[in-house]
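Heads up: the structure comes next, in structure tokens.
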Amino acid sequence: MSYGMVLCASNETHDAVDPIVPPEGVPNGEAVMVEGFPGPPLEEVNPKKKLLEKLFPDMVTDAAGAACYKGARFMTSKGPFTSAIAGGHVA
């Protein structure tokens with residue numbers, strides 16, 4: 001069973017796609033936090049609830065290319081996850 005997911009940013013027309021990557025030096029397995037959303041992560045996400053489909057509309061990259069949910073950055077101990085595509089959609 002896989003527990004990983006690859007998130008990418010894309011432009012408005014979806015003809016440019018770039019992975020969302022952590023900053024250099026972040027250890028494998030480190031928890032990713034979203035600024036302003038404290039608390040432990042869900043133990044398991046039931047695919048039947050389609051949780052990610054509900055979150056994706058609010059996931060974008062900001063003007064600096066940082067991945068955000070409702071304007072709050074996806075953070076690690078070394079800084080935000082980023083993409084080369086600024087102002088894009090994240091999925």
Side-chain angles (χ1 to χ4, degrees):
M1 175 175 273
S2 172
Y3 294 99
M5 171 181 271
V6 175
L7 291 176
C8 292
S10 65
N11 63 1
E12 190 70 36
T13 58
H14 301 286
D15 58 0
V17 177
D18 189 63
I20 302 294
V21 295
E24 195 143 333
V26 175
N28 289 338
E30 180 179 305
V32 176
M33 301 301 289
V34 177
E35 293 175 318
F37 291 87
L42 298 173
E43 286 292 321
E44 186 176 328
V45 176
N46 183 340
K48 291 181 182 178
K49 293 194 178 202
K50 304 215 181 274
L51 179 61
L52 288 174
E53 286 81 355
K54 295 174 185 173
L55 300 176
F56 284 145
D58 294 314
M59 293 171 57
V60 297
T61 55
D62 63 16
C68 299
Y69 172 69
K70 292 188 173 185
R73 289 180 167 189
F74 288 60
M75 295 297 294
T76 70
S77 61
K78 304 283 185 186
F81 275 72
T82 59
S83 170
I85 298 177
H89 302 280
V90 175

- Return the minimal non-hydrogen interatomic distance between Cys8 and Pro19, and the atom names on each side. SG-CA, 3.8 Å
- Work out which heavy atom in Pro80 is nearest to a heavy atom in Ala66; give both atom names and the distance. CB-CB, 4.1 Å
- Val34 with Phe56, same ILVMFWY side-chain cluster at under 4.5 Å: yes
- Message: A quick test of your reading: do over 12 heavy atoms of other residues, nucleotides or ligands sit less than 6.0 Å from CD of Glu24?
- Response: no
- Task: State, to 0.1 Å, how close Ile85 and Ala9 come at their nearest heavy-atom pair, and which atoms those are.
- Result: CD1-O, 3.4 Å
- Would Val60 end up clustered with Val32 when hydrophobic side chains under 4.5 Å apart are linked, directly or stepwise? no
Could you give the side-chain donor-acceptor pairs of residues 68-77 under 3.5 Å, partners two or more places apart or in another chain?
unit_1, atom_1, unit_2, atom_2, d
Arg73, NE, Asp62, OD2, 3.0
Arg73, NH2, Asp62, OD2, 3.0
Thr76, OG1, Lys78, N, 3.1
Thr76, OG1, Gly79, N, 3.2
Thr76, OG1, Gly79, O, 2.7
Ser77, OG, Glu30, OE1, 2.9
Ser77, OG, Glu30, OE2, 3.3

- Exam field: side chain Thr61 to backbone Gly88, donor-acceptor pair closer than 3.5 Å: yes
- Path from Val90 to Leu52 over hydrophobic side-chain contacts below 4.5 Å: yes
- Query: Is any side-chain heavy atom of Thr82 less than 4.5 Å from a side-chain heavy atom of Ile20?
  - Reply: no
- Would Phe81 end up clustered with Leu55 when hydrophobic side chains under 4.5 Å apart are linked, directly or stepwise? yes
